[in-house]
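Naming: A, B, ... by sequence-line order, numbering from 1 per chain.
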Number of protein chains: 2
Amino acid sequence: MADNSIESLDLERAPERLGDAAYREMKERIIRGVYRPGHKLTVRAIAQDLEVSTTPARDAINRLTSEGALVYAGPKTVVVPVLDAAALREITLTRLALEGLASEQAAQHGAPADVEELKSLQKLINSALDDKRYTDALWHNKEFHFTIYRLSGLPQLVSMIESLWLRIGPSLHNLYPEFAEEKYGVRNHEIAMEALAERDAASLRAAMENDIRDGYRRLKRANLERDAGRSS
Amino acid sequence: MADNSIESLDLERAPERLGDAAYREMKERIIRGVYRPGHKLTVRAIAQDLEVSTTPARDAINRLTSEGALVYAGPKTVVVPVLDAAALREITLTRLALEGLASEQAAQHGAPADVEELKSLQKLINSALDDKRYTDALWHNKEFHFTIYRLSGLPQLVSMIESLWLRIGPSLHNLYPEFAEEKYGVRNHEIAMEALAERDAASLRAAMENDIRDGYRRLKRANLERDAGRSS
DNA sequence: GCGAGAATTTTGTTGCAACAAAATTGCGAA
DNA sequence: TTCGCAATTTTGTTGCAACAAAATTCTCGC
């Protein structure tokens, strides 16, 4: 047996598989709202879209399914999930726990340069909202959050949070444009930036939690309206 | 297009794929300590072990890898992870957040029958420890925790917690038998059962968090000793 | 029109062979 | 012995065909 004294020194040694690329592309499409809730996905269609064979396409779909980003709507039918009230609540509770933790930890590592980056991201969000480019606003909003979470220095935690965003992402797209009217989240983001500058963990956590709760309320309201509209 | 007014009514519709069975079997083997940290896994070997072809075996390994239960030690080398101090800390922080949340929610749904089930699980743990059947003790301990977590009524949360246990599981096996000397966790479990009977969410959470922290301290100590022993 | 059921098409899974690339082994020089 | 390097073996990925099963379409009777 070889001497493997390095052991835990080998980080980020994942090779670049075709299936990984397919997975990443699918992920981005889901977050960007290309596939809306209820959209049915088939292996062969994805393979054609991404110009790969069925194997990597199937890999990507399976991975997304096991993460909860896609769900079975039948034995041979995989769709982008339509979140019901219970699922929405569960994801929100989990987000509060995980993103709250990440925020707290991030407060301990925030440098001035990070605050600057957040500021410029916030500008991007604002101007996207002004121009009614809602998909862009959502994207920059995601970057804002994850810029903070990455500061936690806890990469596995960050990727768990990512999988939660993958689950709510599609529903968010169904919310716009009403969602944006009130300049969603701006106030919370401002408080978050201040808190990070002051390395105030509790305040940063509170600001991020408020942001999550705000979004939750809007999503819930939108869902109720949709369900009411459907039964008529 | 068909009328799909059922939408979110379709739960648990996953078909039984061969790859799923392979995944579950691998998961159990990892938790039970069949594969120890550092163990190298190959597609063809797993396929032979589980008596399936390479495709389902590969599916299982990929899924486990994307969950973090297995890691790359090289471009073509997948191993059961050897946790370093940083990874151990990160998992513990995440466990505290997620298992704390699950405990809190569980407190609201605990029925007398559930407390009884926990009591009988605790007896199994105790007798396993007395007989020095450490693998069994670990297994029943896992059941104890998840019996509580499942009471939360948040299935997605529970499966996220499962994936965390998959990550620390192998390391736990390297801990025994010293690990068990002090009747690990018994006191915390007793408090947890009382708290559940009284539907005291804060106490239940505290008890479970203490249990997690206890385990963390032991793991950290064992890791330090191992590392010290290796450099000599 | 409309629903039930058959006929047809589409779909996911599985096993496998080929290939490139990585891991391992073997060997020889210092 | 130990180190470097080449030969060899092992390995993961990929594409694909076959198959069973599910989804869809079509048809016919009412």
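- The phosphate of dT14(C) has neither OP1 nor OP2 within less than 4.0 Å of any side-chain N or O from Arg17(B).
- Under the rule for a side-chain hydrogen bond (donor to acceptor under 3.5 Å, both in side chains), Gln108(A) has no partner lying at least two apart in sequence or in another chain.
- Applying the side-chain hydrogen bond (donor to acceptor under 3.5 Å, both in side chains) rule to Glu90(A) yields no partners; only residues at least two apart in sequence or on another chain are considered.
- Taking side-chain N and O atoms only, Arg58(A) has no distance below 4.0 Å to OP1 or OP2 of dT11(C).
- Applying the side-chain contact (heavy atoms from CB on, under 4.5 Å) test to Thr65(A) and every residue at least two apart in sequence or in another chain returns Ile61(A), Leu70(A), Tyr72(A), Val78(A).
- If you take CD of Glu16(B) and P of dT13(C), they are 12 Å apart, rounded to a whole angstrom.
- Contacts of Leu41(B) with the nucleic acid, taken as non-hydrogen atoms under 4.0 Å apart, involve only primed sugar atoms and P, OP1 or OP2.
- Looking at which nucleotide of DNA chain D each of Pro56(A) and Lys40(B) is closest to, the 5′-most match is held by Lys40(B).
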CA sep, side-chain torsions, deciding dist, call: Arg150(B), Glu143(B), salt bridge (Lys or Arg N to Asp or Glu O under 4.0 Å): CA-CA 10 Å; Arg150(B) 277 190 294 263; Glu143(B) 267 314 304; 3.2 Å; yes

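- Atoms CG (Leu70(A)) and C1' (dG12(C)) sit 15 Å apart, rounded to a whole Å.
- One can place CD of Gln48(B) at 17 Å from C1' of dG12(D), the figure rounded to the nearest angstrom.
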Between the protein and nucleotides 5-10 of chain C, which nitrogen or oxygen pairs are less than 3.5 angstrom apart?
none

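- Within 6.0 Å of atom NZ in Lys142(B), more than 12 heavy atoms from other residues, nucleotides or ligands are found, so the atom counts as buried in its surroundings.
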Just distance, no hydrogens or angles: give the donor-acceptor pairs under 3.5 Å from side chains in residues 24-31 of chain B, sequence neighbours left out.
| unit_1 | atom_1 | unit_2 | atom_2 | d |
| --- | --- | --- | --- | --- |
| Arg24(B) | NH2 | Glu16(B) | OE2 | 2.9 |
| Glu25(B) | OE2 | Arg29(B) | NE | 2.8 |
| Glu25(B) | OE2 | Arg29(B) | NH2 | 3.4 |
| Glu28(B) | OE2 | Arg32(B) | NH1 | 2.6 |
| Arg29(B) | NH1 | Tyr35(B) | OH | 3.2 |

Sugar-phosphate or base contact per nucleotide [nucleotides 16-22 of chain D; S, B, -; heavy atom under 4.0 Å]: B-B-BBS

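- For the pair Ile46(A) CD1 and dT11(C) P, the computed distance is 11 Å after rounding to whole Å.
- Rounded to an integer number of Å, the gap from Ile61(A) CD1 to dG12(C) P is 6 Å.
- For Glu67(B), the side-chain hydrogen bond (donor to acceptor under 3.5 Å, both in side chains) partners two or more places apart in sequence, or in a different chain, are Tyr23(B).
- With sequence neighbours excluded, no residue satisfies side-chain hydrogen bond (donor to acceptor under 3.5 Å, both in side chains) with Asp114(B).
- Rounded to whole Å, the distance from CG on Asp59(A) to C1' on dG15(D) is 12 Å.
- Considering only residues two or more places apart in sequence or on other chains, Leu18(A) meets the side-chain contact (heavy atoms from CB on, under 4.5 Å) condition with Val52(A), Pro56(A).
- Rounded to whole angstrom, the span from the CG atom of Asn62(A) across to the P atom of dT13(D) amounts to 14 Å.
- For the pair Glu51(A) CD and dT14(D) P, the interatomic distance rounds to 16 Å; values are reported in whole Å.
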